[in-house]
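Structure record follows, encoded as structure tokens.
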Number of protein chains: 2
Amino acid sequence: MIAQEPNETRARLLRTAFQLFHEQGFHATGVATILREADVNPGSMYHFFASKDELLLGVLEFALEYLGPAVMEPAEARTQDPIGRVTELLEQYREGMESAGCRMGCPMGNLALEVSDGNAQARALIHRNFENWAARVEGWLNTAGDRLPRDLDRGRLARFVLTVMEGGLMQSRAAGHLGPFDDSVAVLLEHFEMLETQARSQKRKVRTK
Amino acid sequence: MIAQEPNETRARLLRTAFQLFHEQGFHATGVATILREADVNPGSMYHFFASKDELLLGVLEFALEYLGPAVMEPAEARTQDPIGRVTELLEQYREGMESAGCRMGCPMGNLALEVSDGNAQARALIHRNFENWAARVEGWLNTAGDRLPRDLDRGRLARFVLTVMEGGLMQSRAAGHLGPFDDSVAVLLEHFEMLETQARSQKRKVRTK
DNA sequence: AAGATGATTGAGTGATCGCTCAAGAACCGA
DNA sequence: TCGGTTCTTGAGCGATCACTCAATCATCTT
């Protein structure tokens, strides 16, 4: 059929489900709750999504589009500095966590641990979300030039930033306060400082050649 | 009835539930499944645990005891070297992940993201599990003496090791292979090397005073 | 206007959820 | 041997689970 404007009901279902999966988790969120919150009837939902699992796949694809404009671009807008952008990005997650009373954390991280074992397609989409996240950060780090060591694997470091963010949020979730997250970020930033120190000594060596 | 040592049924329920929660998650595991696997009748379970949530609390207390003998002591047995013990500990989690086909990951991490929002007591126990884990690693790091910088916060670094472990496992879960975990551990070990380098230069300065 | 297609309605499905409880068996000290 | 306590049995409870479908409405094409 001729392409029509994006279906409003479908979009509302995706937004509502994304929100509820983030707040309560996938299994803890009943289809009935999603339908009530989105003000949609069961038949309508099953017109667009064959099952709750397929709705999850839709949500994960929605998150893939959501990631750039809602997460990465705000951090990019705050500063041009490559490493400053990493700091801003982590600060964004901190604010999200704080304003939720140390609940919820990262939506993708939560789903990664809850559904990635039993649903291969969901696992693949979560993986793609992580890869996109890290690729964007890698892009920032690539613009850092000789502020970072010459032979440093930027992609690996970008994934490490994700690792620290997810691990820090997890512990803060359990702690009920942001201490563990802040500590983790602090060590990460010290790591960056050591890398920058290392890079400066490399530059000095090149100059004295 | 066959004579049993005290609370054998209770112990079997805790072991079985711990295993199933780890494999499938808390909400995805039905009470009926636990009862079938543990070969226990509903009435028996509800004699020991007032609800599924209370069973979870029992499991988290069980994990608290399980942590030392089953996780930390094996790593301690492999080497006396403080930083080597960190490496061994991470290697243990790697092996667990590998032998499970990159499924499951860390039982405490999974539960942290699934149940810590809706159950305050569970959150507190998960937090205590994390704190015990980190405290044990901190104990190792404290024996490293001047191999690490003098004013380094050992407790913070220990928690950072946990952060990297959990974040790395999460990404490997989504990826379906151990690449992200290995990369994260590699960066962490490079961080330790930089700290050791820093500590060596401190020693040199002290000597030349 | 007529027909085709897409989208919505909502009562209702069987299955499974966490859980109950009355009855009885096993074990205990006295 | 007895009464008291702890533990086990398992059929069965109401609630909720994910999901169905025939009927109806809305929109577009011809």
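All values derive from a computational prediction rather than experimental measurement. Below, chains carry the letters A, B, ... as their sequence lines are ordered, and counting in each starts from 1.
Taking side-chain N and O atoms only, B/S51 has no distance below 4.0 Å to OP1 or OP2 of C/dG18. Note on A/N7: a side-chain N or O is less than 4.0 Å away from OP1 or OP2 of C/dA7. Under 4.0 angstrom from either OP1 or OP2 of D/dC19 there lies at least one side-chain N or O belonging to A/Y46.
Here the P atom of nucleotide C/dA22 and the NE2 atom of B/H47 are 17 Å apart, to the nearest Å. When rounded to the nearest whole Å, the span between CZ of B/F49 and P of C/dT20 equals 15 Å. To the nearest angstrom, C1' of C/dA26 lies 16 Å from CD of B/E8. The distance between atom CG of A/L35 and atom C1' of D/dT16, rounded to the nearest whole Å, is 14 Å. In this entry the distance linking CZ of A/R36 with P of D/dC19 reads 18 Å, nearest Å. Straight-line distance from the CE atom of B/M45 to the P atom of C/dC17: 13 Å, rounded to whole Å. We find that NZ of A/K52 is positioned 12 Å from C1' of D/dC19, with the value rounded to whole Å. Atom CZ in A/R12 sits about 11 Å away from atom C1' in C/dT8, given to the nearest Å.
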Protein-nucleotides 10-12 of chain C N/O pairs closer than 3.5 Å?
| residue | atom | partner | partner atom | Å |
| --- | --- | --- | --- | --- |
| C/dG10 | O6 | A/G43 | N | 2.8 |

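Taking B/Y46 as the reference, nothing meets the side-chain hydrogen bond (donor to acceptor under 3.5 Å, both in side chains) condition, with sequence neighbours excluded.
Taking a cutoff of 4.0 Å between a charged side-chain nitrogen and a carboxylate oxygen, A/E76 and A/R136 qualify as a salt bridge. Salt-bridge check for B/E196 with B/R147: passed, with a basic side-chain N closer than 4.0 Å to an acidic carboxylate O.
Between the side chains of A/E23 and A/Q19, a donor-acceptor pair is found at a separation under 3.5 Å. Under 3.5 Å, the side chains of A/Q24 and A/T29 contain a donor-acceptor pair of N or O atoms.
Within the structure, side chain to side chain donor-acceptor pair (under 3.5 Å) contacts touching residues 158-185 of chain B (residues at least two apart or in different chains) are A/D117-B/R173, A/R159-B/D183, A/T163-B/Q171, A/T163-B/S184, A/Q171-B/T163, A/D183-B/R159, A/S184-B/T163, B/R94-B/D182, B/N110-B/R173.
In this structure, A/T29 reaches the sugar-phosphate backbone alone: every heavy-atom distance under 4.0 Å involves primed, P, OP1 or OP2 atoms, never a base.
A/L157 CG to A/I83 CD1: the interatomic distance, rounded to the nearest 0.5 Å, is 8.5 Å.
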